[in-house]
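Here's the structure, in structure tokens; my notes come after.
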2 protein chains.
Amino acid sequence: MSAAEETGGGEEQPWGEVSPDAARRLLIAAVEAFAERGYHATTTRDIAGRAGMSPAALYIHYKTKEELLHRISRIGHDKALAILRTAADGEGTAAERLTAAVRSFVGWHAAHHTTARVVQYELDALGAEHRTEIVALRRKTDEAVRDIINDGVRAGEFDVPDVPGTTLAVLSLCIDVARWFNVAGRRTPDEVGALYADLVLRMVGAGT
Amino acid sequence: MSAAEETGGGEEQPWGEVSPDAARRLLIAAVEAFAERGYHATTTRDIAGRAGMSPAALYIHYKTKEELLHRISRIGHDKALAILRTAADGEGTAAERLTAAVRSFVGWHAAHHTTARVVQYELDALGAEHRTEIVALRRKTDEAVRDIINDGVRAGEFDVPDVPGTTLAVLSLCIDVARWFNVAGRRTPDEVGALYADLVLRMVGAGT
DNA sequence: CCTGACGGTGAGCAAGCGCTTAGGGACCGG
DNA sequence: CCGGTCCCTAAGCGCTTGCTCACCGTCAGG
């Protein structure tokens with residue numbers, strides 16, 4: 001561990017997959033700006049300024065402002081989906097897997113709420129092609145949750161009269177964390193994850 | 001019943017409180033445009049065009065584009081809060097009142113999802129003064145829901161370890177309906193309201 | 001020392017933005 | 001018929017936007 005000191009926890013640094021360094025700095029600046037003001041209210045000058053560069057520098061690494069949003073959205077969705085699947089595909093009862101899935105999915109949305117806000121709420125700002133690509137990823141997220149719930153119903157663990165509706169509500173609940181979560185608030189991402197996992201278990205009729 | 005034929009249900013027409021007629025047409029056009037593309041991506045020319053008027057006509061009835069958003073947000077919040085309180089202040093057990101509250105609040109968000117989308121998701125686009133005014137209204141919404149939950153806990157009807165957290169989650173769930181509800185979807189606003197009322201009852205430990 | 005590639009800047013263009021202003025037509029009381 | 005009021009439009013102002021282009025410093029390879 002020589003360059004770019006880690007926090008020691010073993011967690012890899014965010015946006016490590018983006019290179020070169022200048023492109024990553026621009027992307028991080030864009031995430032902050034988009035999350036704060038929204039895509040349309042953010043100017044390319046603002047993004048470049050936050051990254052400590054001139055407005056023109058942005059266009060060396062990205063063709064358009066929309067491409068920046070797409071890159072953020074794509075990477076963010078990939079990560080959220082990976083986190084969800086890791087928990088969903090684990091061992092254990094449906095209740096245990098649903099708990100793990102909600103806990104980690106919600107935890108990610110809270111801990112990375114700036115990224116999550118952009119990922120979840122700026123979908124309409126994408127161009128038509130990029131949007132359909134992202135929508136496909138969201139459908140996979142949907143399926144992952146629905147599969148756990150169906151497993152639980154089949155095993156007799158859950159009592160769910162309306163599986164598609166409940167799936168929709170569970171995901172809606174988790175995603176909306178990105179909108180209201182605030183670092184200055186009283187709850188840590190882990191605490192929110194635990195609370196939500198409990199609430200979701202109750203929703204599927206497998207409460208404590 | 002002579003002018004502006006009603007649907008017969010006794011429901012008064014939306015935005016009836018806005019006059020004169022041209023101002024109401026502009027406001028309705030703005031709601032549609034804001035809901036579709038977002039506040040910042042909507043131009044004053046677009047709003048005026050939808051209302052069948054020239055761009056300058058907007059400024060006869062509204063001082064700025066932001067004032068239009070504020071009017072929409074204010075009226076929408078008032079209406080949503082009124083609907084919630086009517087149900088919350090009714091007779092019956094806490095469970096019955098919570099059911100009625102969620103059912104009508106969610107039903108409104110689904111039926112008027114274009115308005116609700118603007119009201120709930122364009123808060124940041126308001127100016128500082130207008131935003132604090134609206135935030136105060138949202139706090140009252142929060143209190144109304146928390147009061148019912150507290151009543152239920154006190155009466156022994158509900159089992160809620162974390163009242164503020166559960167209140168937050170319930171409202172988050174209800175509000176997010178505005179984001180995903182689609183007229184082309186399979187569910188009517190009433191059906192969504194009934195489903196959500198059931199889910200919320202489970203969340204507070206008073207499930208069927 | 002020269003050369004070329006790379007990654008950056010300063011200045012600025014065309015287009016679109018929110019908003020203003022001068023003026024016109026319909027209507028109404030006298 | 002007149003004068004005033006109420007809405008509305010055509011034109012356009014000043015500014016910001018996303019994006020481009022000519023140019024430049026740095027540095028490795030020959």
Side-chain angles (χ1 to χ4, degrees), chain A residues 3-4 15 17-73 118 122 124-131, chain B residues 3-4 15 17-73 118 122 124-131:
Chain A
W15 307 114
E17 58 272 71
V18 181
S19 78
D21 186 70
R24 178 170 50 245
R25 267 160 45 219
L26 281 164
L27 190 137
I28 291 171
V31 169
E32 286 174 14
F34 290 163
E36 231 171 74
R37 318 191 198 325
Y39 175 80
H40 289 292
T42 299
T43 68
T44 55
R45 280 163 242 262
D46 183 22
I47 298 171
R50 283 176 195 244
M53 297 162 123
S54 86
L58 197 152
Y59 293 91
I60 296 167
H61 301 282
Y62 302 95
K63 259 206 310 239
T64 63
K65 180 181 155 190
E66 193 263 355
E67 189 194 316
L68 245 176
L69 176 63
H70 172 242
R71 280 269 230 285
I72 294 168
S73 198
V118 178
E122 299 289 354
D124 296 337
L126 286 170
E129 295 182 19
H130 287 159
R131 185 165 51 241
Chain B
W15 307 113
E17 57 271 71
V18 181
S19 78
D21 186 70
R24 177 169 52 244
R25 267 159 46 218
L26 282 165
L27 191 137
I28 292 172
V31 169
E32 285 175 16
F34 290 163
E36 231 171 73
R37 318 197 208 312
Y39 175 79
H40 289 292
T42 300
T43 70
T44 55
R45 281 164 241 261
D46 183 21
I47 298 170
R50 284 176 195 245
M53 298 163 121
S54 85
L58 197 152
Y59 293 91
I60 297 167
H61 301 281
Y62 303 95
K63 260 206 309 235
T64 63
K65 180 181 155 189
E66 194 264 354
E67 189 194 317
L68 246 177
L69 175 63
H70 173 242
R71 279 268 231 285
I72 295 169
S73 197
V118 178
E122 299 289 354
D124 296 337
L126 286 169
E129 294 183 18
H130 287 158
R131 185 165 52 241

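Proteins come first, then strands; the chains are lettered A, B, ... in the order of their sequence lines, and each starts at number 1.
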Counting C-beta onward and ignoring hydrogens, is there a side-chain heavy-atom pair between B/L126 and B/H70 closer than 4.5 Å? yes
Do any side-chain nitrogens or oxygens of B/Y59 fall under 4.0 Å of OP1 or OP2 in C/dC19? yes
Residue closer to the 5' end of DNA chain D, B/P20 versus B/A56 (nearest nucleotide): B/P20
Name the residue from B/E67, B/E66, B/R71 that meets the side-chain hydrogen bond (donor to acceptor under 3.5 Å, both in side chains) definition with B/H130. B/E66
Where the side chain of [X] meets the backbone of [Y], is there a donor-acceptor pair that is under 3.5 Å apart?
{"X": "A/R131", "Y": "A/D124", "answer": "yes"}
{"X": "B/R37", "Y": "B/T42", "answer": "no"}
{"X": "A/Y62", "Y": "A/L69", "answer": "no"}

When you list every nucleotide of DNA chain D with an atom under 4.0 Å from a heavy atom of chain A, which one comes first 5' to 3', and which comes last? D/dT17 to D/dC21
Which whole-number value in Å describes the distance from A/I60 CD1 to C/dG10 C1'? 13 Å
Could you state the CG-P distance from A/D21 to C/dG7, rounded to the nearest angstrom? 12 Å
On a heavy-atom basis, the closest approach of B/A48 and B/S54 is CB-O, 3.4 Å
Which atom names give the shortest non-hydrogen contact between A/A51 and A/L26, and what distance separates them? CB-CD2, 3.8 Å
Can you sort out which residues in residues 40-53 of chain A have a heavy atom within less than 4.0 Å of DNA chain C? Ascending by number, please. A/R45, A/M53
If you measure from CZ on B/R50 to CZ on B/R25, what distance do you get to the nearest 0.5 Å? 15.0 Å
A/K65 to A/Y39 six-membered ring, cation-pi geometry met (6.0 Å, 45°): yes
From the options A/V31, A/I28, A/L68, select the one residue that forms a side chain to side chain contact (heavy atoms under 4.5 Å, CB included) with A/I47. A/L68
For nucleotides 22-29 of chain C, list the nitrogen or oxygen atoms of the protein found under 3.5 Å from its nitrogen or oxygen atoms, one pair per line.
none

